[in-house]
Amino acid sequence: MRTRPLKVALLGCGVVGSEVARIMTTHTHDLTARIGAPVELAGIAVRRPDRVRQGVPADLITTDATALVKRGDIDVVVEVIGGIEPVRTLITTAFEHGASVVSANKALLAADGATLHAAAVKAGVDLYYEAAVAGAIPLIRPLRESLAGDKVNRVLGIVNGTTNFILDRMDSTGAGYSEALDEATALGYAEADPTADVEGFDAAAKAAILAGIAFHTRVTIGDVHREGLTEVTAADIASAKRMGCTVKLLAICDRSADGRSVTARVHPAMIPLSHPLASVREAYNAVFVEADAAGQLMFYGPGAGGAPTASAVLGDLVAACRNKLAGTTGAGESAYTRLPVSPMGEVVTRYHISLDVADKPGVLAQVATVFAEHDVSIDTVRQQSRDRGADGVAAEGASGAREGGEASLVVVTHRAPDAALSATVEALRKLDTVRGVASIMRVEGE
Ligand code: HSE
């Protein structure tokens, strides 16, 4: 075994970084045995050096991240700062100085992964980022390496714990969105500014990374259709329950049926309670992968938090160190298919549409005509007369004509292009007899 240690620089020492430092200093024996050489924490760059960090060697702290990555004797840089700049420059500088990089930075990888991959290849070093998607769950390596011989057709996942917690609370307690968000904030799941989570930016970055790896092409966050969960109401959740479904914020990456393009999207969707993702509760993450030969696979676990994310970082660190010792590099970017990313309008999906309509003869026929005109086939219709108050299935006119009365009409469609479905909804809004569109949600996982 080599006795000269491999040197590691840590950029960032917050919740994840301090766990990485702690594990590196407490598990040195095992890490040394697994790598085949001792591994040494050589410096830790932070913005606030005075902050108390339990178990982190104070003598390694510096505020000069640039000088640290330029030292020249660093074998691996671990980046857990986040954000685009100055991190992109720090990472490319680290590559130029011969270091491999382990990053947890989903925003940067989703915005400009191509630049980082190219810089790593040019320098002959590794870029690993298991921790960027779904925390502790091994997902990048299985997609990049274990499934490298298969053809992945779909990745469908819950990749944001905060929003899953909120939806789970809405589902289990009947709470509204704001109430559930307040609980998520009080328990420390949601940040003071929850925008990145609740508007779907965090999940969209992860979807871009997963789609690129799964389909061997380049997908950036700008290619991902994104809708958050702020518009999901308690009524949507109740409606999903009536259909035997629950609502999840899903990241969905698809290869098109003809194999010539891919799509990536993040939005709330109803999924049947029988789908494995429906049982993912609290702040857990889970990703469902469908591949030609492997069939259906599911990856499940904690998607955030200091220790779980550090677990993924350490796994990458061991791999990068082993490669350094062997004088080689691991699997790099694979974007050879150059498959274009199609817009959301071309995605084929199903809608659940809840309408408030006038309860009088001819309304159901009028609504059905709008669907037919847009070439959208209806799967099921449920009508409930408001003044009857019962939750019964009633064909048009069965409850009698109630001039001036109102009914709730729930239509679930068969699969159709999203553009046709959204055009149908727009046309429905224009009907005099449609008093309002109470909710629209896609249905997935069937
Ligand atoms: N904020 C994310 C979540 C974790 O709630 O899952 C970091 O990606």
Side-chain angles (χ1 to χ4, degrees), residues 12-20 78-84 87 102-111 113 128-140 155-171 177 180-213 221 224 226-230 232 247-253 264 266-268 277 280-288 299-316:
C13 200
V15 177
V16 178
S18 50
E19 272 300 318
V20 171
V78 173
E79 182 270 311
V80 284
I81 299 174
I84 308 294
V87 173
V102 172
S103 173
N105 194 330
K106 60 196 162 269
L108 177 55
L109 283 151
Y128 282 114
Y129 46 95
E130 185 66 67
V133 181
I137 307 173
L139 195 56
I140 305 291
V155 179
L156 175 75
I158 295 166
V159 292
N160 183 272
T162 305
T163 48
N164 200 54
F165 179 87
I166 292 170
L167 288 169
D168 185 39
R169 277 297 185 274
M170 289 175 76
D171 186 84
Y177 164 73
L181 171 62
D182 287 348
E183 193 184 345
T185 309
L187 290 171
Y189 290 118
E191 293 181 29
D193 176 359
T195 310
D197 292 322
V198 300
E199 295 292 355
F201 290 101
D202 177 81
K206 294 165 179 169
I209 295 169
L210 292 176
I213 296 173
I221 189 166
V224 182
R226 175 189 54 77
E227 294 168 34
L229 85 167
T230 55
V232 176
V247 176
K248 295 290 186 191
L249 186 77
L250 297 178
I252 307 171
C253 312
V266 167
H267 54 72
L277 288 178
V280 177
R281 308 289 306 271
E282 306 262 317
Y284 280 89
N285 284 193
V287 177
F288 203 72
F299 301 83
Y300 171 86
T309 309
S311 165
V313 168
L314 266 294
D316 281 352

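Every heavy atom of this structure was used, including side-chain atoms; hydrogens, water molecules and symmetry mates were not. Numbering of residues begins at 1 and proceeds along the displayed sequence. Whatever order the structure lists ligands and atoms in, that order sets their numbers, starting from 1.
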Asker: Do the side-chain N and O atoms of T163 and N160 include a donor-acceptor pair separated by under 3.5 angstrom?
Answerer: yes

Asker: Report the part of D202 (side chain from C-beta onward, or backbone N, CA, C, O) that has a heavy atom under 4.0 Å from ligand 1; answer both or neither where that applies.
Answerer: side chain

Asker: Any atom of ligand 1 sitting under 4.0 Å from a heavy atom of E191?
Answerer: no

Asker: Before giving the answer on side chain to side chain contact (heavy atoms under 4.5 Å, CB included), spell out for L156 and V287 the whole-Å C-alpha distance, their side-chain angles and the decisive distance to 0.1 Å.
Answerer: CA-CA 6 Å; L156 175 75; V287 177; over 6 Å; no

Asker: Could you tell me which atoms of ligand 1, counted from 1 in the order shown, lie closer than 4.0 angstrom to a heavy atom of A304?
Answerer: 4 (C)

Asker: Can you check whether P302 reaches Y284 side chain to side chain, under 4.5 Å on heavy atoms?
Answerer: yes

Asker: Would you tell me whether N105 and S103 have side-chain atoms, one donor and one acceptor, within less than 3.5 Å of each other?
Answerer: no

Asker: Just wondering, do V159 and L210 contact through their side chains at under 4.5 Å, heavy atoms?
Answerer: yes

Asker: Contact between R226 and H267 at the side-chain level, heavy atoms closer than 4.5 Å - yes or no?
Answerer: no

Asker: Please check whether V159 reaches ligand 1 - meaning an N/O of the residue sits under 3.5 Å from an N/O of the ligand, judged on distance alone.
Answerer: no

Asker: With backbone taken as N, CA, C and O and side chain as the heavy atoms from C-beta onward, which portion of K206 lies under 4.0 Å from ligand 1: side chain, backbone, both, or neither?
Answerer: side chain

Asker: Please write down residue, atom name and distance for the protein heavy atom closest to atom 7 (C) of ligand 1.
Answerer: K106 NZ, 3.5 Å

Asker: Identify the protein heavy atom lying closest to atom 5 (O) of ligand 1, giving its residue, its atom name and the separation to 0.1 Å.
Answerer: T162 OG1, 2.5 Å

Asker: Between D197 and ligand 1, find which residue part has any heavy-atom pair under 4.0 Å and reply side chain, backbone, both or neither.
Answerer: side chain

Asker: Do N285 and ligand 1 have an N or O pair less than 3.5 Å apart?
Answerer: no

Asker: Only heavy atoms of G161, strictly under 4.0 Å: list the atoms of ligand 1 that pass.
Answerer: 3 (C), 5 (O), 6 (O)

Asker: Please round to the nearest 0.5 Å and tell me the distance separating atom CG of L277 and atom CZ of F288.
Answerer: 6.5 Å

